[in-house]
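What follows is a short report on a single structure.
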Protein chains: 2
Amino acid sequence: MEKVTKRTTIYDLAELADASPSAVSSVLNGTWEKRRISKKLAERVLKIAEEQGYAVNVQASLLRRERSNIVGMIVPKYDNRYFGEIAEQFEVMARAKGFFPVVTCTQRDPELEFEAAKELISYQAECLISTGATDPDRISAFCSASGVQSINLDLPGKDAPSVISDNYSAAKELTKLILNRCEEELGWSGPLRFVGGRLADHNTAARLEGFMSEHRDRSISVPDSYVMATGYSAEKAAIALGSLTPDRPTGLFVNSTISLEGVVKWYSELQSGAEKVRYGCFDWDPFGAFLPGNVGMVEQDVTIMLNKAFELIGDADAPTEPILVPCRLRPFHVIA
Amino acid sequence: MEKVTKRTTIYDLAELADASPSAVSSVLNGTWEKRRISKKLAERVLKIAEEQGYAVNVQASLLRRERSNIVGMIVPKYDNRYFGEIAEQFEVMARAKGFFPVVTCTQRDPELEFEAAKELISYQAECLISTGATDPDRISAFCSASGVQSINLDLPGKDAPSVISDNYSAAKELTKLILNRCEEELGWSGPLRFVGGRLADHNTAARLEGFMSEHRDRSISVPDSYVMATGYSAEKAAIALGSLTPDRPTGLFVNSTISLEGVVKWYSELQSGAEKVRYGCFDWDPFGAFLPGNVGMVEQDVTIMLNKAFELIGDADAPTEPILVPCRLRPFHVIA
DNA sequence: GCAATTTGCTTCATCGATTGCGCAACATTG
DNA sequence: CAATGTTGCGCAATCGATGAAGCAAATTGC
């Protein structure tokens, strides 16, 4: 219609409705009854707004208001169900609580994490949730300098409240499951190998502790070479296992579904001995139950984690000690 | 430090640096050389800004500027690799082109899709990409009323340029692969069953056409009951297959990885006859290659699709005919 | 019938950043 | 030394929405 594609503003609507911009504004933001605007005018304005395809300019609105209602979240990757579910549920919960969620994916890149965090703060986010951040304390420091609350999810930080899985306990349970199944099905009692993750990463360290603790409880010693923290990459896990030929029984504790991809690739290419392999994985995938050799997976409790995180929003004196959320262990039948 | 946790503004910095807000502004947004601010003052301001943990108020900045640089995207779910990859790559590409990406996940809910689209426009998004939207034309209509460009991805719409996979050809290729493998390995020549998706959905319709066309080429007739478009749900697919016992050879064309979950569940619970089942899936998952009975998957080319979509941004006379992007067929060895 | 109240709006300053315009102070030219 | 040019910066209007304050008209109270 118009030659200029300028966005409609309340001033345009005001002219069309023969009213003042402030009346239009109060009609559109729902405060019109409080401000004693007649129903008649309100309806007229709403009708015109609809006709014109009006959408508030949030920039202008937020500039004037005190609250932005934006909660930001950074997430490393969408290549596994865990972070995907976190992002999805975060958005749902945030909307239900009247927030506007903005999620951004930072590719496990510390620089990008920090840039994205700054960007979200520039958008006046009231709270920033750093999920699985490589350097959460750097982000927390920047947030606190800007007077913005920050919360760590999945990986803990020292300078902000953290909600994380109880990695130690779940890893111990998973180790127990794999060892038990190796005994029952292969008549063999370990030690298992630990595949994937980074030792510098808190979660990997905690899981390795649980893994070791269960071995210790059974008086099984684990050779150093059995700990293969190959990072978060399928290829590296497959390469690390490459030379391993299971002429004897073999058990694997797989840390993350991305490493599981590599393990399964290795497994499927075995010439022989596959029936002597058992593994379990920390993290869940719907296809996991159907992978041969997989005895079980750990599912982290995203709903509870996010509930706890949302409870922390606005809480000035939140605990600095990480809040631990129990995981669910899902045992599978082995597919022969 | 301060008792009030007010965000630092250029006015605060101006006072600290003993300069004017406009000088501070131009230093911070990089126009200071053009505005002939001395290097000395610029460095002083930058130092103070850093000390104070200053972050621009994008709301104010965008209000004043003409461009927002925001590109919005709505995505249905993060429960499969396809949409996860789309979201990730979209963010990377958008940043590389100097945009600020905002992605939001709308749970396949038409109302939420529309609300989210409105919200993104309120944030002055310059372009909105609707991915897999249930009702893309409603979104396009609103966008065009607001003078915002909209682009459809994955599912086409009539009122905005669309970039979609060549569903027909890829489905035909996949059907061909499954039928061939059934012949080679089972000595059986179909017809296959079509499992998952919604017939009302453009992609499902196009894939079904490709499926039918390949059957027609081979003079195989497909009974109506063999088309089981059970929607995007693992349970419904599993239930639909529930009564099917493969006493004879059985071949399945699985439409979407979410339906594949149900198929694999059914498959793994078969008492007998599993060796007589072959299936293939439209959409890719890294664990797919390791699922027994799976002869191949179709991987949609996210990178090319997004490249095409980005080419459309800012293009006023973009074609209204959908742009078709070829898919990659990934054949697998069957795991016995 | 006149003051007091209520109704239904408008006016205007404001949020923080941006930018065209302009003005001193200093340097250069002839 | 006056005219002209350059450097370095400040002033003030502006973007669109908001809400406190205010004001005229309509209604009520006595």
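In what follows, chains are A, B, ... by sequence order, proteins preceding strands, each numbered from 1. Since this is a predicted model, take the numbers as computed values, not measurements.
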Nearest-Å distance, [atom1] ([X]) to [atom2] ([N])?
| X | N | atom1 | atom2 | result |
| --- | --- | --- | --- | --- |
| B:E15 | D:dG10 | CD | P | 13 Å |
| A:I10 | C:dC12 | CD1 | C1' | 13 Å |
| B:W32 | D:dT7 | CH2 | P | 14 Å |
| B:L13 | C:dT18 | CG | C1' | 15 Å |
| A:R7 | D:dG16 | CZ | C1' | 12 Å |

**Message:** So that I know where these two stand, are B:Y123 and A:Y123 an aromatic pair - ring centroids less than 6.0 Å apart?
**Reply:**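 Aromatic pair excluded; centres sit 6.0 Å or further apart.
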**Asked** Looking at A:Y78 versus B:F83, is the centre-to-centre ring distance below 6.0 Å?
**Response**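 No.
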**Prompt:** Under 4.0 Å: is that the gap between some side-chain N or O of A:S61 and OP1 or OP2 of D:dT18?
**Reply:**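 It does, given that an N or O in the side chain of A:S61 lies less than 4.0 Å from OP1 or OP2 of D:dT18.
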**Request:** Verify, without hydrogens or angle tests, whether A:S130 (side chain) and A:A133 (backbone) share a donor-acceptor contact under 3.5 angstrom.
**Result:**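 No, A:S130 side chain to A:A133 backbone: no donor-acceptor pair under 3.5 Å.
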**Check: B:E126 side chain, B:S68 main-chain N or O, donor-acceptor pair, under 3.5 Å** =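 Yes; at least one donor-acceptor contact below 3.5 Å.
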**Item:** Salt-bridge present (B:E111, B:R138; N to O < 4.0 Å)
**Value:**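 Looking at B:R138 together with B:E111, the answer is yes, because their closest N to O distance falls below 4.0 Å.
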Measure all distances between protein nitrogen or oxygen atoms and nitrogen or oxygen atoms of nucleotides 7-9 of chain C, and list the pairs falling under 3.5 Å.
unit_1, atom_1, unit_2, atom_2, d
C:dG8, N7, A:R36, NE, 3.3
C:dG8, N7, A:R36, NH2, 3.3
C:dG8, O6, A:R36, NH2, 2.9
C:dC9, OP2, A:S38, N, 2.7
C:dC9, OP2, A:S38, OG, 2.3

**Asked** Does the pair A:L28 and A:I10 meet the rule for a side chain to side chain contact (heavy atoms under 4.5 Å, CB included), with working shown?
**Response** CA-CA 9 Å; A:L28 293 170; A:I10 51 168; 4.0 Å; yes
**Request:** Let me know, please, whether A:T31 or B:V24 comes out on the 5' side of the other along DNA chain D by nearest nucleotide.
**Result:**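 By nearest-heavy-atom nucleotide position, the 5'-most residue is B:V24.
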**Request:** Have a look at B:K47 and tell me which of B:E43, B:E51, B:E50 forms a salt bridge (charged side-chain N to carboxylate O under 4.0 Å, His left out) with it.
**Result:**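 Exactly one candidate clears the test, B:E51.
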**Message:** Between the opening five pairs and the closing five pairs of the helix from C:dG1-D:dC30 to C:dG30-D:dC1, how far apart are the helix axes, to 10°?
**Reply:**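 Here the local axes at opposite ends form an angle of 50°.
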**Item:** Under the salt bridge (charged side-chain N to carboxylate O under 4.0 Å, His left out) test, residues paired with B:E91 that sit two or more places apart
**Value:**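 Salt bridge (charged side-chain N to carboxylate O under 4.0 Å, His left out) list for B:E91, sorted by chain: B:R95.
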**Request:** Output every pair passing ring-ring contact (aromatic ring centres under 6.0 Å, His included) with a member in residues 17-41 of chain A, not counting sequence neighbours, ordered by first then second residue.
**Result:**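 Sorted pair list comes back empty.
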**Item:** Pairs where residues 43-67 of chain B contributes a residue and the test ring-ring contact (aromatic ring centres under 6.0 Å, His included) is met, not counting sequence neighbours
**Value:**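 Listed by first then second residue: nothing to list.
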Detail all sub-3.5 Å separations between protein N/O atoms and N/O atoms belonging to nucleotides 12-15 of chain D.
unit_1, atom_1, unit_2, atom_2, d
D:dT14, O2, B:R64, NE, 2.2
D:dC15, O2, B:R64, N, 3.4

**Message:** For A:F114 and A:F142, take the angle between the two ring planes, folded into 0 to 90°, and tell me which bin it lands in: parallel under 30, tilted 30 to 60, perpendicular over 60.
**Reply:**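 If you compare the ring of A:F114 with that of A:F142, the planes turn out perpendicular.
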